[in-house]
2 protein chains.
Amino acid sequence: MTVTLADVAARAQVSPATVSRVLNGNYPVAASTRERVLKAVDELDYVLNGPASALAAATSDLVGILVNDIADPFFGIMASAIQAEIGGPGGRAGGERLAVVCNTGGSPERELTYLTLLQRQRAAAVVLTGGAIEDAPHKAAMDAKLRKLADAGTRVVLCGRPPAPETGAIALTFDNRGGGQELTEHLIGLGHRRLGYIAGPQERTTTRHRLEGHRAALAAHGIEEDPRWTVHGRYDRRSGYEATLELLRRDASLTAVVAANDSVALGACAALRDSGLRIPQDVSVAGFDDLPFSIDAVPALTTVRLPLTEAGARAGRIAMGREEPPPGGIASVRGELMVRGSAAAPRD
Amino acid sequence: MTVTLADVAARAQVSPATVSRVLNGNYPVAASTRERVLKAVDELDYVLNGPASALAAATSDLVGILVNDIADPFFGIMASAIQAEIGGPGGRAGGERLAVVCNTGGSPERELTYLTLLQRQRAAAVVLTGGAIEDAPHKAAMDAKLRKLADAGTRVVLCGRPPAPETGAIALTFDNRGGGQELTEHLIGLGHRRLGYIAGPQERTTTRHRLEGHRAALAAHGIEEDPRWTVHGRYDRRSGYEATLELLRRDASLTAVVAANDSVALGACAALRDSGLRIPQDVSVAGFDDLPFSIDAVPALTTVRLPLTEAGARAGRIAMGREEPPPGGIASVRGELMVRGSAAAPRD
DNA sequence: CTCTACATAGAAAGCGCTTGCTGTCACGCT
DNA sequence: AGCGTGACAGCAAGCGCTTTCTATGTAGAG
């Protein structure tokens with residue numbers, strides 16, 4: 001029924017070994033022979049059996065990409081960049097690798113399960129994006145898993161994730177703390193003293209680091225933080241909307257709202273507008289990430305740009321062994337403050 | 001070095017066959033034996049070899065998803081929905097399948113190459129999203145490929161793509177024409193008579209259908225279209241910005257701009273604002289797709305909502321054989337007009 | 001004109017798993 | 001006591017490819 005290497009070999013009057021060699025392009029094969037084989041391949045419409053190759057050669061052309069949610073442009077952009085670099089068709093790299101995108105939805109179990117699944121596939125490399133979950137047992141399990149993957153020859157790269165020392169994983173970490181601090185300092189510089197903060201979910205490194213940066217900025221300027229000024233939520237618009245309403249309820253005198261990311265910021269803007277407050281005249285708003293839509297918000301969002309595309313591309317190249325890992329296997333990627341219209345000096 | 005089934009078998013004092021059966025959970029195995037095997041698996045930290053299973057069983061747990069660009073939420077949302085349904089860890093379906101996301105970038109060659117790669121992996125199913133390219137030779141090549149995939153037992157589903165009769169592929173088509181028509185009729189109803197149209201790239205079914213809908217609406221209301229009112233571009237913000245400037249240059253009396261999609265519409269808004277025009281007082285703007293950010297534009301975008309999540313989920317279920325395909329293998333998915341602030345009656 | 005060396009091609013041994021078929025018991029009927 | 005009948009477990013034959021090692025033909029080298 002299905003055409004196999006042997007069929008091609010028979011038709012081209014050569015041995016299966018030769019066909020394999022023509023197809024894999026290593027090992028010398030006489031031009032005339034190669035041609036005959038290629039012709040047979042074409043005539044029979046032969047397609048290599050991936051699993052069989054993978055088994056025999058003990059290699060795989062699958063690369064895993066772990067994301068929280070691929071529908072979120074934050075992850076989509078990184079995934080796209082990684083994918084472009086791992087060299088699917090059209091990519092520079094020779095091999096034609098396939099990207100396996102795994103939506104963990106932020107769930108520890110799924111994260112682990114996906115890693116096992118990728119290990120089962122003997123993935124050539126795995127790139128983990130997004131913040132890590134701060135739960136000791138889970139972190140230990142993850143580290144063990146990453147270690148095992150690395151030991152099995154799978155290149156592991158963390159993109160926008162804190163390093164995992166001793167696991168053999170290369171880390172490209174976003175400087176969320178620094179970015180958060182710079183952003184809040186900008187607001188303080190504008191004259192704000194009462195700033196609400198909409199944080200992401202608890203127990204996530206990204207959430208904690210951004211919040212720490214924010215607090216460091218407050219502390220550096222001698223601003224005492226009111227616990228009521230911080231609300232935790234999810235990294236989405238809806239959450240931003242609700243959290244903002246909550247903040248307003250707790251302290252209507254807030255002059256600025258700093259959001260965990262741009263989506264949350266957009267939700268905050270909507271909530272403020274719905275509450276009859278003008279941005280930035282009544283309340284300033286700031287986001288984080290600088291996703292493409294942030295510049296189209298009105299007023300445009302003041303935020304911290306994370307070089308998602310660049311970082312993803314670099315992670316992809318490192319995963320493919322096409323770029324030298326950073327010294328020590330760890331690199332910190334800085335964000336850049338984007339000053340735009342959503343934040344201005346407070347009225348009073 | 002690496003642990004194999006045989007190692008587990010030896011340790012559990014059973015045959016490899018038994019271990020395999022325990023792991024695959026078909027075939028009866030005595031509880032005590034199963035336990036012994038599981039214990040050995042655990043102790044040896046054994047992970048099944050995917051390629052080997054795939055080869056032996058002639059099945060695969062890979063599902064391909066073809067998208068233009070996963071960084072674009074339009075595709076990201078569909079991919080996410082599909083992925084949730086094909087039953088990775090946490091999914092309802094028993095099997096743990098991995099989603100292979102392929103970025104074609106709209107290139108015909110890559111589309112075809114990726115299909116071959118998926119065929120090589122003996123993918124369990126393939127879902128193609130986004131519009132098709134209208135080039136006869138390419139369409140023929142695609143159809144032949146899809147046919148071959150289907151014949152090989154791979155379930156093929158088209159999500160938001162025109163049907164490909166005779167290929168065995170199930171099609172969930174978006175009614176772009178109907179949506180386009182409804183949208184433009186809404187604008188005409190508001191009193192617009194001079195409408196600019198920013199179309200997507202030529203030779204794409206999506207582009208053509210939306211444009212046809214627009215023109216049908218104009219025709220239905222006896223509005224003669226000026227050829228200068230249509231500009232083609234890409235499906236991105238930048239393109240929308242430039243095209244709008246071009247439209248304004250060609251005919252500054254336009255009272256409305258209809259964009260190929262929401263991203264283009266956002267670019268159009270920016271261009272209009274930068275030209276000193278107010279939305280919607282001076283010029284109305286309309287988009288298409290209703291991506292999440294569209295509601296946060298100011299004013300919120302009037303657009304046509306496409307049920308991306310629902311369609312993706314349905315495509316995923318059909319791909320998994322978990323839902324009956326629509327009668328005839330073809331279903332048309334309608335969009336819904338979202339009337340918001342970016343379109344209003346023209347001044348004059 | 002023989003000898004060595006190189007360039008190709010083939011034979012065959014797996015890679016690690018699944019599964020049809022063949023036992024082997026133990027049990028419950030008659 | 002004899003035997004059909006399940007319920008398990010094992011044997012062994014692949015699945016389709018890669019790759020090591022070996023064989024062969026040919027071309028310079030001496």
Side-chain angles (χ1 to χ4, degrees), chain A residues 1-38 40-41 44-62 95-96 117 119-124 152-153, chain B residues 1-38 40-41 44-62 95-96 117 119-124 152-153:
Chain A
M1 176 63 219
T2 78
V3 185
T4 72
L5 239 211
D7 298 330
V8 176
R11 184 166 243 263
Q13 316 231 54
V14 296
S15 73
T18 301
V19 177
S20 171
R21 302 206 254 244
V22 167
L23 262 26
N24 289 298
N26 39 23
Y27 207 84
V29 173
S32 63
T33 312
R34 175 198 322 288
E35 219 166 283
R36 206 143 32 91
V37 170
L38 257 18
V41 166
L44 294 177
D45 215 9
Y46 172 68
V47 175
L48 205 57
N49 182 314
S53 309
L55 172 57
T59 61
S60 154
D61 41 8
L62 259 35
E96 314 205 296
L117 250 28
Q119 182 182 10
R120 173 177 300 187
Q121 296 297 332
R122 307 297 192 252
Chain B
M1 176 64 219
T2 78
V3 185
T4 72
L5 240 211
D7 299 330
V8 176
R11 183 165 243 265
Q13 316 231 55
V14 296
S15 73
T18 301
V19 178
S20 171
R21 302 205 254 244
V22 168
L23 262 26
N24 289 298
N26 39 24
Y27 208 83
V29 174
S32 63
T33 313
R34 176 200 320 290
E35 218 166 281
R36 206 143 29 92
V37 170
L38 258 17
V41 165
L44 295 177
D45 214 11
Y46 171 69
V47 175
L48 205 58
N49 182 315
S53 310
L55 172 57
T59 61
S60 155
D61 40 10
L62 259 33
E96 314 205 294
L117 249 29
Q119 183 181 9
R120 173 178 302 185
Q121 296 297 332
R122 307 298 192 250

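Below, each value reflects all heavy atoms present in this structure, side chains not excepted, and no hydrogens, waters or symmetry copies. All values reported here derive from a predicted model rather than from experimental measurement. Each chain gets a letter, A, B and so on, in the order its sequence line appears, and its residues count up from 1.
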Review point. Are any of A:N24's side-chain N or O atoms less than 4.0 Å away from OP1 or OP2 of D:dT18?
Key: yes

Pairs under 3.5 angstrom only: tabulate donor-acceptor contacts from the side chains of residues 54-62 of chain B to other protein residues two or more places apart or in another chain.
{"residue": "B:S60", "atom": "OG", "partner": "B:L62", "partner atom": "N", "Å": "3.0"}
{"residue": "B:D61", "atom": "OD1", "partner": "A:Q121", "partner atom": "NE2", "Å": "3.2"}

Check your understanding: Can you find a side chain N or O atom of B:T18 that sits less than 4.0 Å from OP1 or OP2 on D:dA9?
Key -> no

Exercise for review: Check every strand shown and say whether B:A17 touches a base, only sugar-phosphate, or nothing at a heavy-atom separation below 4.0 Å.
Suggested key: base

Practice item. Not counting sequence neighbours, which residues clear side-chain hydrogen bond (donor to acceptor under 3.5 Å, both in side chains) with B:S53? List them please. Key: none

Exercise for review: Considering just the side-chain nitrogens and oxygens of A:S15, establish if one lies under 4.0 Å of OP1 or OP2 belonging to C:dA9.
Suggested key: no

Check your understanding: So, for A:R120 and B:L48, which heavy atoms are closest and what is the spacing to 0.1 Å?
Key -> CG-O, 3.2 Å

Review point. Who are the side-chain hydrogen bond (donor to acceptor under 3.5 Å, both in side chains) partners of A:T18, not counting sequence neighbours?
Key: A:S15

Practice item. May I ask you to list the residues of residues 27-34 of chain A, by number, that have any heavy atom positioned under 4.0 Å from an atom of DNA chain C? Key: A:Y27, A:P28, A:V29, A:A30, A:T33

Revision key, fill the gap. Contacts of B:S20 meeting side-chain hydrogen bond (donor to acceptor under 3.5 Å, both in side chains) (sequence neighbours excluded), chain-then-number -> B:N24

Practice item. Please figure out whether A:L55 or B:V14 has its closest DNA chain D nucleotide nearer the 5' end. Key: B:V14

Study note, to complete from the structure: For B:D45, the side-chain hydrogen bond (donor to acceptor under 3.5 Å, both in side chains) test, sequence neighbours excluded, returns A:K148

